[in-house]
Amino acid sequence: MSMTMTNQKLLLSKFQSFLLLSLSLCGYEPLVMANELIPIGVVLDLKSPVGRVAKRYMSMALSDFYAVNHNHSTRLSLLTRDSGNDVIAAASADTDYGNGLIPYLLDALQEIDTRVPYRSVIHPSSNNTEIIKELNKLKENHARIFLVHMTASLGSKLFVHAKEADMMSEGYAWILTTGLSSLLDPMGSNVIDSMQGVLGIRPYIPPSKHLKDFERKWKKNLTSIKIKSRSTTSLNFFGLWAYDTVWALAIAVEKVGCKVHSNFLKQNASNNNVDLAALGIFEMGTRLRNTILTTKFQGLSGNFHLVKGQLDPSAFELFNVIGRTERIIGHWTREANLTSNENLPKNQISKDKPKQPIWPGYTSEQPAKLRIGVPVKEGFLDFVKVEWDPLIISGFSIDVFKDVLRALPFPLTYVFIPYANKTRQSNGTYDQLLGEINTLNYDAVVGDTTIVAKRSLYVDFTLPYTESGVSMVVLMKDDESKNLWIFLKPLSINLWLTTGVAFIFTGLVIWTLEHRVNNDFRGPPEQQLGLIFWFSFSTLAFAHRERVVNNWSRFVLIIWIFVVLILTQSYTANLTSMLTVQRLQPTFVDVKEIIKKGYNVGYLKDSFVKELLIDQLSFNESNLKAYETPEKYHEALSKGTYNDGVAAIFDEIPYIKLFLAKYCSRYSMVGPIYKTDGFGFAFRRGSPLVPYISRAILNVTQDRQKSLEYEKKYFSSQTTCEDQSTTISSHSPSLGVDSFGGLFIIVGIASLVSLLVYVFKFFYSYWPVLSNDNPAESCWSKLVKMAKHFDLKDLSSYTFKGEESRVHAVASPDVFEPLPGIDDMRNHMRNSTEGSNDVVIHDDNGNLSSSSRHGDASM
């Protein structure tokens, strides 16, 4: 939006008449009448239309007021003087036209996120050449919306030249402030013709019987004096204010009770007749001023009420200049904002919608459409596709933008402009396209433009509307070299080692718990060592034949078998997946390998990915190849590294998803994802539209139904294949220790607890015996004896009691006892000779016991 204004000094064109109250002038003798006559000095610019109209309105105001209030004790007498050249200029030197209004207007616009990037100041004495020069400057800056605040005389010249400069055509908007909106009647027909489509705003004058009577009297008086020009026959807003001002002054003078003999307080003497500082101060001036400020009544212009010394209109009227008439669009009030009701009853506000404005060029479409640049592409047309004759622009990015505009709380018109040269080819890179915003050729850019830090230096991006990141696409191939050892692949090397240690540890714990009470866990050392490995590993297939008799052993074995079951099932499932599904492997999973071997890689032409590959990944520029279409990607990857092809393609995830949707069975996205901020829409720096567009993007992208529609329309594939939204990791897909850490902890704790309880009981039972037998013996010797004793059978265990009874019991005459076999005798001899100091004795009660040479240890 641009603003055209003037710093012309106020010469009563807006009826700020300078009232000089003079009760006693040099040589003046008041008339002797029944009423106290109060002379009022009025200075007007009688050469201006406003000044001439104001004089007539004020004269009629006096006549009408005292016709109604004939019993007042005071009566005003207006002494009108023409301002001549600069009397008013001297009186209003600090009230340059517009300087008081513009700061407040800019603040009000800022509150509604509307910027005024340029202020055009046209001096009131400017000639036609200077006005045309300023208009051309506005045109070069691509300004389309203008807020005009100037006097009628300067405004009439401005619009004539604006039409000649073709700035009153479609796409432009001109809005007038009250000063100019209220002074259209005096303007000539050629000026009105050049203002077609201009939108004006002015205080609303409510209809009333008093106003109708005045209008009838006004036209009758003009007819009587033979004045029929349009500039004076129509009611004038400033004239009505002048009329009400005289009434307010008359009311205030009557309330204060001013007397003609009231004195002036002289400040200083001067011989200059126009020296305002030399005038005296009316001694009742303060009372009169305060009375005027508090005066309220229903005048011709509406409710007369001063707020901070200014009239406070209750409503404003919006209108179009169409033809030779003013087309009323609607009315604005604080209570109901904009409404179409023309009558606006006192206590009733209409909710009707206003009329549609007609803008320059006789169009109802919103002017100053956003000029949106769109990229012209050869590939990946699913994002942005430009078709010519007729011009049709479509694609994913375009659909998202249109849905975002529908989500805005206000309408926003636009026009798409392809960024193309004369041959309808791309006119440059994406960076150059975004640079067109900075040069004011475009207001925004919509397309598959990535949010990059350096681009944000000259444009403002909205929030992203796509996934972010750059990744690598490689060719998939059969991995024949690793099929020989694929059976090892389901588990990682760490899990294999951990499982092996767990097997050995569990076997050792079971052997310890069973060795003294179970013959299956006894024998020569080499046999027992083999048994430790055999027993634990045989549980993989549940093929162990050895029975366990110790309850602690059973407790450990139950938990261990549960762990083995989970391990075997997981191994089987993972191996099955590798043999049936994961038949293809990516040719490369590590970027460093590609860089080290000097292979070529590809990227999307004119994108920022080239800089990422060089600056962040340290690729040699000579190894980079640019491609434009998915078909070119496919061709380059198919050739491979030795046939003028590439080892990998680097691109943004949205492009990769589109590529894989078409060629998903042959390629895969691998390796890490390099962070970017995704696609966004670009606007000028400081554009107030950016926060609104960003909030609308959130609403659209978080709409699940919309997301599914986009996915189905642009990113679905007719080929049934794996979900390519996930990448193949550069690490092995084998199961790791962390997947079974809890199980190993459980079985470890169970085994340790069982082992510690057993060892504690063993030491508790036999350590005191060794200590009492030879207290002076060293601890180490005692431990050696305990170890030897651990290698003996625990004959007190129920597992050996049946065997002992069979060997030593006295034969019954009724029972035939077969002779012991060779194996039994061998076992008996071994048991009798185990331990150098141990013998088997037969006590008086017929019980077998194992005793040392000293006979002090009972097992």
Side-chain angles (χ1 to χ4, degrees), residues 12 14-25 28 30-44 46 50-81 203 205-206 208-218 221 235-264 279 281-307 309-313:
L12 289 184
K14 194 182 176 184
F15 188 59
Q16 289 188 351
S17 58
F18 182 71
L19 298 179
L20 299 176
L21 300 179
S22 176
L23 298 180
S24 177
L25 298 177
Y28 174 76
L31 298 175
V32 179
M33 300 179 62
N35 300 90
E36 187 79 19
L37 190 63
I38 309 298
I40 304 295
V42 180
V43 181
L44 293 172
L46 298 179
V50 173
R52 292 192 296 268
V53 170
K55 180 180 178 182
R56 297 190 184 100
Y57 273 74
M58 294 171 71
S59 177
M60 292 183 66
L62 278 182
S63 175
D64 293 345
F65 181 81
Y66 290 112
V68 176
N69 303 285
H70 53 81
N71 59 343
H72 277 201
S73 62
T74 59
R75 180 178 294 271
L76 301 182
S77 174
L78 301 181
L79 306 178
T80 305
R81 296 289 185 271
I205 301 176
S208 65
K209 183 179 182 302
H210 190 192
L211 181 62
K212 290 182 179 179
D213 293 341
F214 175 82
E215 185 177 10
R216 187 166 50 251
K217 186 187 302 183
W218 171 256
N221 290 343
L235 290 180
N236 183 276
F237 177 76
F238 290 117
L240 296 177
W241 268 6
Y243 184 98
D244 289 343
T245 301
V246 171
W247 274 57
L249 183 59
I251 294 173
V253 167
E254 180 68 20
K255 288 182 178 180
V256 172
C258 293
K259 302 298 181 181
V260 73
H261 53 75
S262 298
N263 297 323
F264 280 90
L279 296 177
I281 300 175
F282 184 41
E283 65 178 357
M284 301 185 68
T286 301
R287 289 179 56 196
L288 181 60
R289 182 196 61 190
N290 294 337
T291 304
I292 293 175
L293 292 176
T294 57
T295 299
K296 296 180 181 180
F297 64 95
Q298 191 66 29
L300 291 182
S301 61
N303 183 29
F304 186 93
H305 172 55
L306 297 178
V307 177
Q310 300 290 330
L311 278 175
D312 185 30

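Nothing fancy with the numbering, it's 1 onward along the sequence. Excluded from the calculations below are hydrogen atoms, water molecules and symmetry mates; all remaining heavy atoms, backbone and side chain alike, are included.
Residues satisfying the side chain to side chain contact (heavy atoms under 4.5 Å, CB included) criterion with Ser208, sequence neighbours excluded, are His210, Leu211. Qualifying ring pair (Phe, Tyr, Trp, His ring centres under 6.0 Å) partners for Phe214, counting only residues two or more places apart in sequence or in other chains: Tyr57, Tyr243. Taking the ring pair (Phe, Tyr, Trp, His ring centres under 6.0 Å) definition, one finds that Tyr66 meets it with nothing, sequence neighbours left out. With sequence neighbours excluded, the residues that form a side-chain hydrogen bond (donor to acceptor under 3.5 Å, both in side chains) with Asp213 are Lys209, Arg216. Residues that satisfy the side chain to side chain contact (heavy atoms under 4.5 Å, CB included) test with Val307, not counting sequence neighbours, are His305, Asp312. Residues satisfying the salt bridge (charged side-chain N to carboxylate O under 4.0 Å, His left out) test with Lys212, not counting sequence neighbours, are none. By the salt bridge (charged side-chain N to carboxylate O under 4.0 Å, His left out) test, Lys217 is found to be paired with Asp64, residues two or more places apart in sequence or in another chain being considered. Under the ring pair (Phe, Tyr, Trp, His ring centres under 6.0 Å) criterion, Phe237 pairs with Trp241, not counting sequence neighbours.
Residues Phe65 and Val246 are not in side-chain contact: their nearest non-hydrogen atoms beyond the backbone lie 4.5 Å or more apart.
In this structure, Asp244 contributes its side chain and Gly299 its backbone to no donor-acceptor pair below 3.5 Å. Put simply, the side chain of Thr295 gets close to the backbone of Thr291: a donor and an acceptor are under 3.5 Å apart.
Atom CG of Leu249 sits about 5.0 Å away from atom CG of Leu76, to the nearest 0.5 Å. Atoms CD and CG, from Glu215 and Leu240 in turn, are 9.5 Å apart once rounded to the nearest 0.5 Å. The line from CZ of Arg81 to CG of Leu46 is 11.0 Å long, rounded to the nearest 0.5 Å. Taking CG from Leu288 and CG from Leu293, the interatomic distance works out to 9.5 Å, rounded to the nearest 0.5 Å. Going from atom CE of Met60 over to atom CG of Leu300 covers 9.0 Å, rounded to the nearest 0.5 Å. Put simply, CD1 on Ile40 and CZ on Arg75 are 13.0 Å apart, with the number rounded to the nearest 0.5 Å.
For residues 294-305, no pair satisfies salt bridge (charged side-chain N to carboxylate O under 4.0 Å, His left out), with sequence neighbours left out.
The minimum heavy-atom distance between Arg287 and Val256, with the atom names listed, is NH2-O, 3.4 Å. For Pro39 against Leu79, the heavy-atom pair with the smallest separation is CB-CD1, 3.9 Å. Listed here is the closest heavy atom pair of Ser301 and Pro206: O-CD, 3.9 Å.
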List the steps and the verdict of side chain to side chain donor-acceptor pair (under 3.5 Å) for Ser73 and Glu36.
-> CA-CA 6 Å; Ser73 62; Glu36 187 79 19; over 6 Å; no

